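A short write-up of the structure that comes next.
Just so it is clear, the model here is predicted, and its values are computed rather than measured.
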Number of protein chains: 2
Amino acid sequence: MGYICLMAVDRDHVLRSAAALLTRKSTATMDEVAKAAGISRATLHRHFAGRDALVRALEALGIEECEAALDAARLDDDSAQEAVRRFVTEIESAAGLLAFLYTENQLFEGEEQNAGWARIDARIAALFRRGQASGEFRIDLTPAWLTEALYGLLASGAWAVTEGRLAPKDFTHMIVELLLGGALRREES
Amino acid sequence: MGYICLMAVDRDHVLRSAAALLTRKSTATMDEVAKAAGISRATLHRHFAGRDALVRALEALGIEECEAALDAARLDDDSAQEAVRRFVTEIESAAGLLAFLYTENQLFEGEEQNAGWARIDARIAALFRRGQASGEFRIDLTPAWLTEALYGLLASGAWAVTEGRLAPKDFTHMIVELLLGGALRREES
DNA sequence: TTCTTGTGAGACATGGATGTCTCACATGGG
DNA sequence: CCCATGTGAGACATCCATGTCTCACAAGAA
């Protein structure tokens, strides 16, 4: 009975399809999500009890990918600047999902959010703090704000790509360069 | 008969209340919007034919405030850098509304968007282009991306403020400094 | 006062998304 | 072959936001 594996594969495929669709149209119907995954609404419902469960699962997936990217980026190696660069590179494929979850979180309002985000926030903020401590980053921009700004830029970048205003290949460069270097020209050092 | 004026005042008040509410909870019900404005749902309906009309009116208000901020910022005066600073200062009070409209626009999908945004995009992009031409701004970040990033940072800043992660008084500084200077420390010039 | 006007409250129908159910079918193993 | 399992299609009830309507009330003008 390999059905457990089969279920898992299908579930993941459904999740990926849903993420791809909801990135483009955050209000997509369960019917549309099902069609996008190539399954019927009934089967979709067998995997996820309801829309809420689906969003929660997507949130878990987003957190998972985010933490995987943080791990892969080796935040404690060499300079904080390079670590940021690596992280954005690693997170690129999940940026659309992040953008969806970023706005979705806005309307959770009262409810407590998944603890995973707090962990992720802490790791990213710690990275910026390390950069400040080492003298790489300026200290008048708080780590919390830099973290928030990074999310915002990732979302902006993901949307700009889906709407064709930004070439996918420029995604990482545009985000990292703006976040780290800003728009002003540097004096040649 | 001063009723026209009275209507206009009420309508504006309703619009402001709706903007404030929808900034915090973008899925708020017509009922909630009415309560937030201190009127009944029936009266709200007398001002705006439906939710769609309300959102359109908010869009028009956002465009109006945005263009007013662009005018007030005198984009063609002195350095592009200072013009950006002035613009962010001017737009601060409308940033929440902008953030709401920014995400709302994501789900317009097929429909053509209000031409006002194209005008605004063009003016902001032109500002960044001027900065590049004058040598103030680096040329590897496209004006279109800088414009997009500015929107993203304004939205991130507005949300961070409403959720208490950013002090309102730091709003302009955090956004402008990150956008223009980036996170890296500058060598003292 | 009387009439007009805007409003609030509520009833009511509508539409759309959702959740649940049944049933027929296809596939794959025994 | 026969049975079990997962699936698709569709019917169905339900919920919720929305849009429309009526009616009574309060405030202001004539």
What is the distance, rounded to the nearest whole Å, between atom CG of A:D52 and atom P of C:dA17? 18 Å
Can you measure B:F48 atom CZ to C:dT7 atom P for me and round it to whole angstrom units? 12 Å
Apply side chain to side chain contact (heavy atoms under 4.5 Å, CB included) to B:L146 and B:L150, showing your working. CA-CA 6 Å; B:L146 290 172; B:L150 175 53; over 6 Å; no
Write down the distance between CG (B:L54) and P (D:dA17), rounded to a whole number of angstrom. 16 Å
Considering only nitrogen or oxygen atoms on both sides, find all protein atoms under 3.5 Å from nucleotides 20-22 of chain D and state each distance.
none

Residues 152-162 of chain A vs salt bridge (Lys or Arg N to Asp or Glu O under 4.0 Å), sequence neighbours excluded, gives none
Under the ring-ring contact (aromatic ring centres under 6.0 Å, His included) test, residues paired with A:W145 that sit two or more places apart: none
Name every residue in residues 26-35 of chain A that has at least one heavy atom under 4.0 Å from any atom of DNA chain D, in order of residue number, or write none if there are no such residues. none
Atom-to-atom span, CZ of B:R51 to P of D:dG19 - whole angstrom: 9 Å
Applying ring-ring contact (aromatic ring centres under 6.0 Å, His included), can you list everything that pairs with A:F48, at least two apart in sequence or on another chain? none
Taking A:R24 for the side chain and A:T162 for the main chain, is one N or O donor matched with an acceptor at less than 3.5 Å? no
State whether a side-chain donor-acceptor pair under 3.5 Å links B:E92 with B:T172. yes
Give a yes/no on whether any side-chain N or O of B:T43 is located under 4.0 angstrom from OP1 or OP2 of C:dG8. yes
A:R129 side-chain N/O to A:P143 backbone N/O, donor-acceptor pair under 3.5 Å: no
Taking side-chain contact (heavy atoms from CB on, under 4.5 Å) as the definition, give me every residue that meets it alongside B:V161, ordered by chain and number, with sequence neighbours left out. B:L166, B:P168, B:F171
Spacing of A:H47 atom NE2 relative to C:dT18 atom P, expressed in whole Å: 17 Å
